[in-house]
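Reviewing the structure listed below.
Letters A, B, ... mirror the listed sequences (proteins, then strands); counts begin at 1.
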Protein chains: 4
Amino acid sequence: MTATTPRTARGEQTRRRILEAAEHVFAELGYTEASVSRITDRAGVGQGTFYLYFASKLDLFDELVEDLNRRVRQAMSEGSADATTRLEAERAGFAAFFRFTAEHPALYRVVREAEFVSPDALRLHYTRIVEGYIAGLEQARADGEIGDIDPTVAAWALMGIGEMIGMRWVLWGDSANGEGGGDADPTAAGTSAVPEHVLDEMMRFIGGALGRPGWSMNGEAS
Amino acid sequence: MTATTPRTARGEQTRRRILEAAEHVFAELGYTEASVSRITDRAGVGQGTFYLYFASKLDLFDELVEDLNRRVRQAMSEGSADATTRLEAERAGFAAFFRFTAEHPALYRVVREAEFVSPDALRLHYTRIVEGYIAGLEQARADGEIGDIDPTVAAWALMGIGEMIGMRWVLWGDSANGEGGGDADPTAAGTSAVPEHVLDEMMRFIGGALGRPGWSMNGEAS
Amino acid sequence: MTATTPRTARGEQTRRRILEAAEHVFAELGYTEASVSRITDRAGVGQGTFYLYFASKLDLFDELVEDLNRRVRQAMSEGSADATTRLEAERAGFAAFFRFTAEHPALYRVVREAEFVSPDALRLHYTRIVEGYIAGLEQARADGEIGDIDPTVAAWALMGIGEMIGMRWVLWGDSANGEGGGDADPTAAGTSAVPEHVLDEMMRFIGGALGRPGWSMNGEAS
Amino acid sequence: MTATTPRTARGEQTRRRILEAAEHVFAELGYTEASVSRITDRAGVGQGTFYLYFASKLDLFDELVEDLNRRVRQAMSEGSADATTRLEAERAGFAAFFRFTAEHPALYRVVREAEFVSPDALRLHYTRIVEGYIAGLEQARADGEIGDIDPTVAAWALMGIGEMIGMRWVLWGDSANGEGGGDADPTAAGTSAVPEHVLDEMMRFIGGALGRPGWSMNGEAS
DNA sequence: AATGAATGAGAGTTCATTCAT
DNA sequence: TATGAATGAACTCTCATTCAT
């Protein structure tokens, strides 16, 4: 009935254990199939303990989405911090996103199911990421780095590309077709978790879309 | 376990009634929250009747995804039948897709949840649509209509764009932000169910991505 | 609502088909697990047809027990018809009983479950067989063939021996232990469906019980 | 699926209450007709509580058979502990068995239905009892107390006799025919729960079968 | 702070039986 | 005579949540 914020270090630790267990269980089973008892089992705490820190299963869900959202955005901005061009930044950001996806499949799976569980959490999640894109695109446009596109539409399009390519090549893996050539450890820092040539092609696609003449297809100069 | 194919016209009609009710209930509540009894209530049949025609709730789900997939692909190919260029075809196809989404929100909502319900159905759904894109792109490339892009990566990117734009502007609607300017009846034939300028911008994005100089950004002539 | 007696030859045939199917399905699954639809499926008739000939599933059960009871008693009396002594008759009767059990496992399985389904049918079944034993024992006692035993108690004891030995060696088979030596075809006429030495030992047991000096154990004459 | 062993005294008590209620409900209705809700109603606990301690209705069944089997064997061996001859032991054992049957009719009814519910439990039940008989018979034969019979066959025969006599005179009671003469309280210690003369006749039968001349029929002295 | 015990609402599914054709 | 369609009651089982300790 009353989820409290932990008052002691021990309590804080217990709370974190539950949150971590939840990430794994949700990633494995999805929100619906994941039961509170499974989460507490994995966390190694009693079932009643759960309600000491979370008001409900849904509350936990919202917190988890919030948490993952914060972390994926941080990973993306850290990943693209050293980039000098917009396209470089985009590439680095996507690579970080794919790496995060590989490490935290819960992000995908939980978010995809979220529409029926917590629509607001879902919208907030996407919107926040898109806002980052928009800011970057507006800056790039002001700098004359990209063409005269609508940043909002482009941002949602980029979001969609990232989600679908991520689903196809990170979650499903190469086993889904005969492409082969997957990197050995998709979570290793500096790699992208999707085959290099897929990332290449994806960036050519995006480069053309964003209107950098140097990236357009037929070789004619701008 | 004892699902049979209807042997009489009456049976066939009942089966269709259930399928239609299911589409609505799934669209409203998602797979998990939708209960068999809710579906049969809406269909106006007894609960036991359900199991005359479907082996399980999951079986119904698979049939529904299959059905919607067939229909959305047909709508897309019919929508783009009269196009003379690849870009025209792409635009018409997306417009048809958005229209279908507006008319059948179940497609979206059910598919997004499918990952935990019936992963195979999910993959098959996306893969089939993507295959259509790939075929079109390969043809366009052979005809010199588009640049030298990887059709597979591009197809998945296009799929992602359509899904995300559709979610943002068709499912969420304009209420999601202050853009305004929504068409009166998003399902009316000939309209696209997303604001016209969003479709325009989206096609500029895609045109650039696919590498037609005439569509590239910086104002240089084709 | 109204089970009718068949009026045509075709109807009679349908009825028999259902009864035969029921015997097999009951033998395989028992009364509770056997469903009417499974029986009609096996019989190759529609589900509604069932109620043309049987008032209910329970009615069918009673008829089947009655039918099997009639047949097993006939098999036993036919089997022992040529016997010249009571013990010979007993042995031949048991052999026939075991053979019938091997051919019609439904007898056992259905009867064992009958206590909760149709107690009267169960009692009638056992009582009728026991009555046969009693009559034979009384005759034998009058003829001085056996000792001065209580025919009723002895008859129930014999019934129990037959049932348990049948269950152990006919239904469970030799696989239940390492005895081996099972006859090749337990249903072949003239064989007993239980290993010969088991029948031998069983008859030695019964012979002693019934008090025929020649059959008693320690070899001392009467 | 999540059945646990109680960790507190309160839990242990609840578990026992369910087990006891189950014995009564099973005895009254048999396995199939007995529903979990009827059992929990009788136990005075919620339906969900059942699954705290038993994985399924079948699991409970197996535990109950196991429990009854252990107790009936203990009753039999306690009952025959003071016997000085094999026949005395046999008689005391049967009397204990009948008494147990009168007190715990569930044993019979549940076991008879078990063939379709839990065949392994059924076999185990009979086999364990039979093993006790075999051990006793082998000892008696070694001691020269009984004739040269096959202990295995004899043991199963004895099992059958006990089961059938018990069914006829304990479960059905004297009402089944006009014999009369039933003991006042069939569960009173020291009585046998079947009419004395039935036990007498049954033991004469068995005595003859096992081959002690003193027990054979025709009146010759031992 | 922590937890095992307890619960009842609700889920999916089966099935004997009735009925219109 | 024959049948497929239809049904609703009843079943077993799950689970988020509350509570006493």
Side-chain angles (χ1 to χ4, degrees), chain A residues 1 4 6-8 10-15 32-40 45-58 60, chain B residues 1-2 4 6-15 32-40 45-58, chain C residues 1 4 6-8 10-11 13-15 32-40 45-58 60, chain D residues 1-2 4 6-15 32-38 40 45-58:
Chain A
M1 187 165 280
T4 56
R7 309 225 172 277
T8 70
R10 182 179 166 215
E12 178 56 41
Q13 193 201 15
T14 302
R15 203 190 116 98
T32 315
E33 287 295 306
S35 63
V36 171
S37 76
R38 231 165 166 134
I39 292 170
T40 51
V45 303
Q47 216 173 146
T49 307
F50 180 92
Y51 290 89
L52 243 40
Y53 300 108
F54 301 95
S56 66
K57 188 185 168 190
L58 183 57
L60 165 70
Chain B
M1 196 158 277
T2 12
T4 50
R7 300 198 193 298
T8 70
R10 185 182 168 210
E12 181 57 45
Q13 193 200 11
T14 302
R15 204 192 115 99
T32 314
E33 286 296 306
S35 64
V36 171
S37 76
R38 248 178 158 116
I39 293 170
T40 52
V45 302
Q47 217 174 138
T49 307
F50 179 93
Y51 293 91
L52 233 41
Y53 302 111
F54 302 96
S56 65
K57 190 185 167 189
L58 183 58
Chain C
M1 185 166 278
T4 55
R7 307 226 173 275
T8 69
R10 183 182 163 210
Q13 194 202 12
T14 302
R15 203 190 117 98
T32 314
E33 287 295 306
S35 64
V36 172
S37 75
R38 229 165 167 135
I39 293 170
T40 52
V45 303
Q47 213 172 149
T49 307
F50 180 92
Y51 291 88
L52 242 39
Y53 300 108
F54 301 95
S56 66
K57 189 185 168 190
L58 183 57
L60 165 69
Chain D
M1 193 159 278
T2 10
T4 48
R7 303 198 191 297
T8 69
R10 184 184 170 208
E12 181 56 45
Q13 192 200 14
T14 302
R15 203 191 115 101
T32 313
E33 286 296 307
S35 63
V36 171
S37 76
R38 245 174 159 119
T40 52
V45 302
Q47 219 174 135
T49 306
F50 179 93
Y51 293 92
L52 232 43
Y53 302 110
F54 302 95
S56 66
K57 189 184 165 189
L58 183 57

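Using N1 to N3 plus N6-O4 or O6-N4 for Watson-Crick, or N1-O2 and O6-N3 for G-U wobble, each under 3.5 Å, F/dA16 pairs with E/dT7.
Here E/dA2 is the nucleotide among F/dT17, E/dA2, E/dT17 with the atom lying nearest to any side-chain atom of A/Leu52. Candidate nucleotides F/dA16, E/dT17, F/dA2 were compared by shortest atom distance to the side chain of A/Lys57, and F/dA16 ranks first. Picking from E/dA6, F/dA16, F/dA5 the nucleotide with the shortest atom distance to the side chain of D/Tyr53 gives E/dA6. You'll find that the side chain of C/Tyr51 is closest to E/dA16, out of F/dT12, E/dA16, E/dA5. The side chain of B/Val45 has F/dT7 as its nearest neighbour among E/dA5, F/dT3, F/dT7. Among F/dA5, E/dT7, E/dG12, the nucleotide with an atom closest to any side-chain atom of B/Ser35 is E/dG12.
Here C/Ser56 lies in heavy-atom contact (under 4.0 Å) with sugar-phosphate atoms only. Within the nucleic acid shown, B/Ala9 has no heavy atom closer than 4.0 Å to any nucleic acid atom. Nucleic acid contact for B/Pro6: sugar-phosphate only, since backbone atoms but no base atoms lie under 4.0 Å from a heavy atom of the residue. When heavy atoms are screened at a 4.0 angstrom cut-off, C/Gly46 is found touching the sugar-phosphate backbone but no base atom.
Along DNA chain E, the nucleotide closest to A/Gly11 and the one closest to C/Thr32 are compared, and the more 5′ of them pairs with A/Gly11. Residue C/Phe50 is the one, among C/Phe50 and D/Arg10, whose nearest nucleotide of DNA chain F lies closer to the 5' end (criterion: closest heavy atom). Looking at which nucleotide of DNA chain E each of B/Gln47 and D/Thr8 is closest to, the 5′-most match is held by D/Thr8.
A/Tyr51 approaches A/Val36 most closely through the heavy-atom pair OH-CG2, 4.0 Å. Here the closest non-hydrogen pair linking B/Gly11 and B/Pro6 is C-CB, 3.5 Å.
The side chain of A/Thr14 places an N or O atom within less than 4.0 Å of a non-bridging phosphate oxygen (OP1 or OP2) of E/dA2. One finds a side-chain N or O of B/Thr49 lying less than 4.0 angstrom from the OP1 or OP2 phosphate oxygen of F/dT7.
Considering only heavy atoms from C-beta on, A/Leu52 stays 4.5 Å or farther from A/Thr14 through its side chain. Side chains of B/Thr49 and B/Tyr53 form a contact here, defined as non-hydrogen atoms less than 4.5 Å apart.
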